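Ligands are counted one by one from 1 in listed order, and the atoms in each one are counted from 1 as well. Only this structure's heavy atoms are used, side chains among them; waters, hydrogens and symmetry mates stay out. The shown structure was predicted, so the numbers you read here are calculated from the model rather than taken from an experiment.
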Amino acid sequence: MAATWMERARHSMPGGVNSPVRAFRSVGGDPVFVARGEGAMIFDAQGRRYVDYVLSYGPLIMGHRPAEVLGALKAALAKGTSFGMPTEEEVVLAETICDRVPSVEMVRLVNSGTEATMSAIRLARAATGRDRILKFEGCYHGHGDSFLVKAGSGALTLGHPTSPGVPADLAALTSVADYNDLDSAVRLFDAHPGEFACIIVEPIAGNIGCVPPRAGFLEGLKELAADRGALLIFDEVMTGFRVHAAGAQGLYGIDPDLTTMGKVIGGGLPVGAYGGRRDLMEQVAPAGPVYQAGTLSGNPLAVAAGQAALDALARPGFYEDLEERSAAVAMVLEGAAERAGCPLTLNRVGSMFCPYFAEGPVEDYAAVMGADAERHRRFFHALLEGGVMPAPSPFEAWFVSSAHDDEALEITAKAAEAAFRRAVAD
Ligand code: KE4
């Protein structure tokens, strides 16, 4: 019998995927092979339709194939795909990012969030002359060696929050504090006086689902970093242009020294970026000695898609409309859980959210880990049967787009009624 696509995939790619969290390992079963997307919907290879709350793990804030992005890509394609030389368009995208995010005075475009975060800590280490970094358990900053220490997202899903292959000497330079526990960060600074180059933090912990910062947490980190001569890096790869026109830093009114971005700024194509204070960014090659480079950084297709996305987000009312759609989805899920008698804590910030099978509150890593994974698993598969595609892990955020219309909401509401009943049928 002919091998299935999953068998062929597993034969030629590790785990059959090009990124682990897609493999459905925490929910069981084989991943859905997607044939195409349209608006809020994706269609699998058998033609089944699902309301998509993965949205490529965040980039597709306008849903699949928005006209603005398609039009920009077609125009860019007519001129070429990559030049390896400056283009006017990448300057405009850089200027747009700097205009929208006040703390970002200068920016470097790269090809992924991982490249952005790896480069940002290299810059922090060079600028401070220090080697140690502070991250938070459950936060995920891409797969750079220094970050794969008690990481979230797929690393957590697969039970390898600290990855093999990371040299012990390097991992030893990564200190890990508890998210939303400022004292745990202070204690580490006290234990390692003068050693910290930076604090890198997700201003909203989106890789253990969706855990917003407690009041004072981010402010406290900014003060701690400044007092101890370290830099504060906001990893806004997920939250950038997602939760506010100026990202989480715009929502919470806190300016970090450096910011990393990705996902939304690529409009569905590979773009990452890091930027911040001019005196820091001027140290990046070729302006300064801190080396970082990339063959396809700022390539015309990704820049065109990203620019089109950011231009669309600037339209008056975009975020207000997205907030309404997101609130409606949350209300539908919470109502269905209540009717099923299923304890649920749904954390939401704008158009990113996560339903936890827990009484709540869910404000830190321990509470996230205490949620009922078995109920999540049953809930996930029941939603899939109902034509809804949530993130295939209890540690991934769900995303809403401007394309999530009343039809998507109705399908979600119907599927959720059955899914929460299935979840509690222990
Ligand atoms: P990428 O290298 O995957 O573009 O970005 C890494 C990254 C950095 N920082 C944050 C806050 C992130 O959320 C990410 C990537 N997010 C995961 C999903 N939570 C990507 C999905 C995947 O790994 O396939």
Side-chain angles (χ1 to χ4, degrees), residues 13-26 31 34 52-61 109-121 133 135-158 160-161 163 179 198-213 218 233-243 247-249 256 258-274 294 296-297 302 305-306 349 351-354 368 389-399:
M13 297 182 290
V17 291
N18 281 309
S19 197
V21 76
R22 304 176 190 171
F24 277 28
R25 286 290 174 86
S26 75
V34 173
D52 184 11
Y53 288 102
V54 177
L55 294 177
S56 184
Y57 293 97
L60 305 179
I61 196 167
L109 301 178
V110 293
N111 300 283
S112 69
T114 293
E115 275 188 77
T117 55
M118 283 168 61
S119 309
I121 62 165
I133 70 167
K135 72 178 288 287
F136 293 86
E137 185 166 22
C139 283
Y140 177 73
H141 304 291
H143 64 87
D145 280 347
S146 288
F147 303 122
L148 292 180
V149 179
K150 295 188 179 179
S153 184
L156 184 57
T157 300
L158 298 181
H160 306 299
S163 173
Y179 195 82
C198 64
I199 298 171
I200 184 165
V201 65
E202 291 181 60
I204 298 162
N207 286 287
I208 43 175
C210 180
V211 177
L218 297 177
I233 302 174
F234 270 12
D235 179 354
E236 295 227 43
V237 167
M238 185 184 292
T239 56
F241 299 98
R242 163 66 59 183
V243 297
Q249 61 194 271
L258 292 171
T259 299
T260 55
M261 289 167 271
K263 296 182 192 279
V264 169
I265 65 169
L269 270 70
V271 177
Y274 65 104
L296 292 169
S297 295
V349 181
S351 58
M352 64 185 275
F353 69 91
C354 187
V368 169
M389 175 63 77
S393 160
F395 308 124
E396 293 296 339
W398 297 35
F399 299 101

Going by distance only, is there an N or O of V21 that falls short of 3.5 Å from an N or O of ligand 1? no

Option set G58, C139, S56, G142, criterion heavy-atom distance to atom 7 (C) of ligand 1, minimum: G142

Under the 4.0 Å line, does any protein heavy atom show up next to atom 3 (O) of ligand 1? no

Which atoms from ligand 1 have a heavy atom of M238 less than 4.0 Å away? 13 (O), 19 (N)

What's the shortest distance from atom 12 (C) of ligand 1 to any protein heavy atom, and which residue and atom give it? N207 ND2, 3.7 Å

Number the atoms of ligand 1 from 1 as they appear, then name those within less than 4.0 Å of a heavy atom of E202, with their elements. 11 (C)

Do I208 and L156 have side chains that get closer than 4.5 Å, going by heavy atoms? yes

Within 4.0 Å of some non-hydrogen atom of S112, the atoms of ligand 1 are 2 (O), 4 (O)

Closer than 4.0 Å to some heavy atom of S153 - which atoms of ligand 1 meet that? 17 (C), 18 (C), 19 (N)

Min N/O separation K263 to ligand 1 under 3.5 Å: yes

Would you call F395 and C354 a side-chain contact if the rule is heavy atoms closer than 4.5 Å? no

For the residue pair F241 and I61, establish whether any side-chain heavy-atom pair is separated by less than 4.5 Å. no

For atom 1 (P) of ligand 1, the closest protein heavy atom turns out to be G113 N, 3.6 Å

Report the relative orientation of the aromatic rings in Y53 and W398; use parallel for angles under 30°, tilted for 30 to 60°, perpendicular for over 60°. tilted

Would you check the N or O atoms of T114, main chain and side chain alike, for any that come under 3.5 Å of an N or O of ligand 1? yes

For residues C210 and M352, determine if any side-chain heavy atom of one lies less than 4.5 Å from a side-chain heavy atom of the other. yes

Check: M261 and V237 side chains under 4.5 Å, non-hydrogen atoms: no

Answer whether the closest heavy-atom distance between the side chains of P392 and R22 falls below 4.5 Å. no

Report yes if some N/O of S19 lies less than 3.5 Å from some N/O of ligand 1; otherwise report no. yes

Check whether any N or O atom of D235, backbone or side chain, sits under 3.5 Å from an N or O atom of ligand 1, and answer yes or no. yes

Are the side chains of P256 and Q249 in touch, meaning some heavy atoms are under 4.5 Å apart? yes

Can you pull out the closest protein heavy atom to atom 10 (C) of ligand 1? Residue, atom name and distance to 0.1 Å, please. Y140 O, 3.3 Å

In terms of residue, atom name and distance, what is the protein heavy atom nearest to atom 21 (C) of ligand 1? Y57 CG, 3.9 Å

So is E396 polar-close to ligand 1, meaning N/O to N/O under 3.5 Å? yes

Find out whether K263 and R242 are in side-chain contact, i.e. whether some heavy atom of one side chain is under 4.5 Å from a heavy atom of the other. no

Test side chain to side chain contact (heavy atoms under 4.5 Å, CB included) applied to Y274 and V110, L258, I233, T259, the passing residue: V110

